[in-house]
**Student:** 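Can you read through this structure? Questions will come right after.
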Amino acid sequence: MRFISHAADLPTPTEFDWIANGLAFGGDYNPEQWPEEVWLEDMALMREAGVTTVSLGVFAWGLLEVADGVFEWDWLDRVMDLLAEHGIGAALATPTAAPPMWLMLAHPEIAPVTAEGVRHAPGGRLGWHPSSAVFRRFALRMVRAIAERYRDHPALRLWHVSNELGNENARSYDDETAEAWRRWLAERYGDIDAVNAAWGTAFWGHRYTGFEQVLPPRFSSTGANPGLLLDFERFTSDALLAHYEAERAVLREVTPTIPITTNFMVQREPGVADYARWAREVDLVANDHYTVGADPRRHAELAFSADRVRGMAGGRPWLLIEHAAAAVNWQRVNRAKTPGELRRNSLAHIARGADGAMFFQWRQSTAGAEQHHSAMLPHAGADSTIFRDVVRLGADLAALAPIRGSVVPTARVAILFDHDSAAALRSGRKPTELLTILDLPHAVHRLLTERGIAVDVLPGDAELDDYAVVVVPTQLLAPAGLAERLAAVVDRGGHVVVSFASGLVDETNRVIPGGYPGAFLALLGIRADEILPLLEGERLAIAPSGTASIWSERVELVDAEAVATIADGPLAGRPAATRRRVGDGTATYLAVRADDETLGALLADVLALAGVEPIADAEPGLEVVRRVGESGRFLFAINHADAPRAVRASGVDLLTGQRHDGTVSVPAGAVVVIEESA
Ligand code: GAL
């Protein structure tokens with residue numbers, strides 16, 4: 001077995017013991033919200049639940065540095081000592097996500113400014129922008145202070161840098177940021193004419209004659225330049241990462257053997273942070289994931305996100321550092337989890353490579369902005385359904401200790417999902433707003449995993465040598481060299497599937513001319529001369545069967561055959577899907593958003609051509625994933641259906657100790673983890 005090969009160029013992580021003895025289990029612990037007598041009860045209940053690890057002090061800066069340079073450590077000393085006494089490890093936060101009031105009031109210039117020119121007021125969190133030199137100075141002083149205080153503390157297992165960098169402080173349009181942005185551009189492009197050329201500033205006569213003329217994309221009467229918008233996204237990601245790196249440098253210096261991470265937000269719509277790049281800078285990839293209660297396919301979204309995180313981690317184990325025990329508090333209706341959903345969610349992340357499952361937060365707050373967000377220990381106390389479920393999950397994770405360090409083996413099918421494409425799609429006006437970056441990647445991943453096919457979700461620069469099938473779904477931006485790498489897959493007898501709205505622009509967000517999809521014309525052997533997006537609700541018929549929505553194109557065959565045809569409307573008779581054959585390899589193009597059934601059939605054809613089989617013989621409704629390591633082979637089967645479902649497997653269920661020979665029946669809503677016999 002191999003790791004996904006893009007791991008090859010990851011830096012070797014600092015040598016460290018895993019943060020817990022088995023799988024990590026716990027959550028954000030905010031004891032500062034409670035009187036001290038509650039802390040002992042916390043310890044007892046954490047022990048009862050099997051908690052191994054807590055994220056500590058995430059928002060505690062104002063309670064640690066109570067005035068400029070005045071530190072009060074006593075309470076945190078006692079908490080750290082209590083944790084150590086109870087055998088619980090701390091993912092200790094640098095508390096920079098929440099600057100103290102005295103700092104915000106003394107230095108209002110550290111706060112981000114919106115595109116409309118409004119400066120954020122104190123009172124929220126992440127109320128700083130990463131280009132602020134003043135903030136950096138105060139933040140690093142705090143980081144050094146906490147690192148020096150706890151460098152030798154036995155509870156310290158992991159540094160949790162800040163919190164969700166780029167969440168509330170994603171973009172800032174202030175003057176100090178403008179200066180940093182110009183420096184970033186000068187470094188990237190060298191001279192201003194290279195910027196003019198890349199962005200095509202001749203349009204509307206926006207030519208710059210010096211870097212000092214370039215502004216962040218502040219509010220204006222029309223949309224900004226797409227090249228500028230995309231570069232501003234990249235700059236913002238780099239500025240946030242630079243903040244992380246600055247904190248990391250201090251932590252490394254003071255505690256060279258303690259691993260360092262920061263919590264990513266790989267879930268739903270990609271944000272500003274280019275996490276595939278960031279992943280190379282952390283010792284352990286840690287992710288926060290929250291499902292949306294109103295989404296009936298939330299378990300499929302979870303599976304996609306978890307596979308994406310594993311792709312970023314280069315196939316290595318990662319840590320689910322936050323999810324919710326029950327409802328959140330930031331959706332329109334904060335739906336409770338359904339019976340068994342907590343367990344299915346946590347174990348689905350574990351199945352897909354997480355070596356721990358942690359929550360926001362341990363004890364549910366009674367005050368503050370998150371008073372109605374669920375926690376492991378709810379308002380009702382330990383005598384509650386949620387806490388009983390948490391205790392059971394703790395026992396499950398303890399039983400799963402043998403899987404720690406095992407990996408989900410490299411799949412035979414990869415989906416490319418690249419940060420730059422997501423950023424390019426939101427940078428400037430596109431042919432249709434009905435096109436969303438997640439729709440097709442989600443559909444492809446779901447249709448494959450529903451068939452029991454293992455899939456890796458990879459960043460655009462990932463190594464593709466190991467894959468029999470590579471799917472490129474609505475990846476608008478073609479990074480340099482991608483067309484050649486895909487052609488190499490086809491040339492060695494592999495199979496590539498490219499969809500509409502892929503390869504339309506280059507790395508500067510400029511359209512690649514000569515017909516669509518410009519980057520992949522030769523690869524696919526087709527050429528489209530016009531995009532004809534469909535109106536909301538509009539559908540085209542496809543022959544031999546199915547319908548299409550959202551997108552269509554006038555496709556001409558050059559060196560390919562049609563495998564599906566548009567059957568009505570102005571494009572009747574034109575290809576809806578095409579295939580170019582090269583020896584044993586194929587390059588398939590999907591020119592429309594085909595309905596799921598049609599898309600599923602097309603993918604099934606490609607799997608058949610490639611000889612890719614499901615990882616287990618499972619009935620529909622069962623999510624099956626395998627992890628493999630020195631300690632064995634572990635088959636997870638998660639039943640999302642409302643009736644029992646069977647999978648063929650032999651071995652012992654780690655969760656129940658039950659032996660199975662041949663067929664395992666998984667009750668409705670249940671999970672089994674079979675340690676497979678050789
Ligand atoms: C996360 C955040 C936590 C908490 C949680 C609520 O984004 O890191 O601190 O706010 O959301 O869902």
Side-chain angles (χ1 to χ4, degrees), residues 3-16 18-19 55 58 91-94 96-97 126 128-131 135-136 139-140 143-144 146-147 157-167 169-170 180 184 187-188 233-267 270-288 308-322 353-355 417-420 422-423 457-463 479:
F3 287 119
I4 296 170
S5 18
H6 106 246
D9 42 74
L10 289 173
T12 314
T14 320
E15 286 298 316
F16 64 88
W18 179 246
I19 56 174
S55 296
V58 179
L92 186 58
T94 64
T96 53
L126 286 167
W128 49 273
H129 65 84
S131 306
F135 178 73
R136 181 73 57 86
L140 296 189
V143 172
R144 184 171 295 279
I146 199 167
R157 299 288 159 73
L158 173 71
W159 285 114
H160 178 303
V161 169
S162 202
N163 192 67
E164 293 187 339
L165 293 166
N167 187 351
N169 62 350
W184 185 92
E187 204 167 299
R188 184 177 176 95
E233 295 291 289
R234 291 173 174 143
F235 154 75
T236 302
S237 176
D238 286 356
L240 289 159
L241 180 62
H243 180 84
Y244 164 81
E245 288 172 335
E247 289 201 19
R248 183 186 63 181
V250 174
L251 297 171
R252 252 320 170 249
E253 181 197 323
V254 182
T255 57
T257 59
I258 301 294
I260 304 169
T261 194
T262 185
N263 46 344
F264 292 180
M265 298 174 283
V266 177
Q267 46 183 314
V272 75
D274 183 351
Y275 286 132
R277 267 200 62 205
W278 290 32
R280 293 158 197 248
E281 305 301 336
V282 295
D283 294 326
L284 162 70
V285 171
N287 194 48
D288 295 354
R308 222 181 123 207
V309 176
R310 189 179 70 252
M312 291 171 182
R316 294 180 178 147
W318 51 279
L319 176 64
L320 175 68
I321 200 163
E322 274 186 36
D355 263 3
F417 185 85
D418 196 49
H419 177 81
D420 255 4
V457 180
L458 302 179
D461 61 353
E463 183 56 70

**Student:** Relative to each other, are the rings of F264 and Y275 parallel, tilted or perpendicular (30° and 60° limits)?
**Tutor:**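 Ring orientation of F264 relative to Y275: parallel.
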**Student:** Indicate whether any N or O donor in one side chain lies under 3.5 Å from an N or O acceptor in the other, for S237 and W278.
**Tutor:**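 W278 and S237 do have a side-chain donor-acceptor pair below 3.5 Å.
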**Student:** CG/D274 to CE/M312 distance, rounded to the nearest 0.5 angstrom?
**Tutor:**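 Answer for the CG-CE pair, D274 versus M312, is 8.0 Å.
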**Student:** Are S55 and I321 close enough that some pair of their side-chain heavy atoms sits under 4.5 Å apart?
**Tutor:**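 Of all side-chain heavy-atom pairs linking I321 with S55, at least one is under 4.5 Å.
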**Student:** So, for A91 and H160, which heavy atoms are closest and what is the spacing to 0.1 Å?
**Tutor:**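 Minimum heavy-atom contact is O-CB, 3.9 Å.
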**Student:** Mind checking the CZ-CD spacing from R248 to E253? Nearest 0.5 Å is all I need.
**Tutor:**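 Those atoms lie 13.5 Å apart.
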**Student:** Between S162 and E247, is there a side-chain donor-acceptor contact under 3.5 Å, judged purely by atom types and distance?
**Tutor:**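 Not at all, the side chains of E247 and S162 share no donor-acceptor pair under 3.5 Å.
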**Student:** Below 4.5 Å, heavy atoms only, C-beta onward: do T261 and L319 meet side chain to side chain?
**Tutor:**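 Heavy-atom side-chain distance check fails, nothing below 4.5 Å.
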**Student:** Are any non-hydrogen side-chain atoms of N163 and E322 less than 4.5 angstrom apart?
**Tutor:**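 Sidechains of E322 and N163: in contact.
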**Student:** Rounded to the nearest 0.5 Å, what separates atom CG in D355 from atom CG in L320?
**Tutor:**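 Going from the CG atom of D355 to the CG atom of L320 covers 11.5 Å.
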**Student:** For R277, is the CZ atom crowded, meaning more than 12 foreign heavy atoms sit under 6.0 Å from it?
**Tutor:**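 Atom CZ in R277 is not packed in, count stays at 12 or less.
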**Student:** Mind checking the NE2-CG spacing from H243 to N169? Nearest 0.5 Å is all I need.
**Tutor:**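 The NE2 atom of H243 sits 9.0 Å away from the CG atom of N169.
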**Student:** Is the shortest side-chain heavy-atom distance between H129 and F135 below 4.5 Å?
**Tutor:**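 In short, these two side chains do not touch, never coming nearer than 4.5 Å.
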**Student:** Less than 4.5 Å apart, any side-chain heavy atom of D420 and any of R234?
**Tutor:**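 SC-SC contact between D420 and R234 confirmed.
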**Student:** If every non-hydrogen atom of T96 is compared with every non-hydrogen atom of A139, which pair is closest and at what distance?
**Tutor:**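 Heavy-atom minimum between the residues: CG2-CB, 3.8 Å.
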**Student:** When you measure from the side chain of R136 to the backbone N and O of S131, does any donor-acceptor pair fall under 3.5 Å?
**Tutor:**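 No, the answer is negative, given that no donor and acceptor are paired below the 3.5 Å cut-off.
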**Student:** Is any NZ, NE, NH1 or NH2 atom of the basic residue among R252 and D283 found under 4.0 Å from an Asp or Glu carboxylate oxygen of the other?
**Tutor:**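 Looking at D283 together with R252, the answer is yes, because their closest N to O distance falls below 4.0 Å.
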**Student:** Within the 4.5 Å heavy-atom criterion, are V143 and W159 side-chain neighbours or not?
**Tutor:**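 Not in contact.
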**Student:** Calculate, to the nearest 0.5 Å, the distance between atoms CG and CG belonging to D418 and L458 respectively.
**Tutor:**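 Reported value, rounded in 0.5 Å steps: 10.5 Å.
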**Student:** How far apart are the closest heavy atoms of R308 and F417, and which atoms are they?
**Tutor:**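 Heavy atoms only, the tightest pair is NE-CD2, 3.4 Å.
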**Student:** Where is the tightest heavy-atom contact between M265 and L165, given as atom of each residue plus distance?
**Tutor:**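 Reported closest heavy-atom pair: CE-O, 4.1 Å.
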**Student:** Could you state the interatomic distance from OG1 (T94) to CG (L251), rounded to the nearest 0.5 Å?
**Tutor:**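 Those atoms lie 6.5 Å apart.
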**Student:** Okay, side chain of D288, backbone of N263: is any donor-acceptor separation there less than 3.5 Å?
**Tutor:**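 No: the side chain of D288 does not pair with the backbone of N263.
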**Student:** Quick one: closest heavy-atom pair of G166 and V272, and the distance?
**Tutor:**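 Where G166 meets V272 most closely, the heavy atoms are O-CG1, 4.4 Å.
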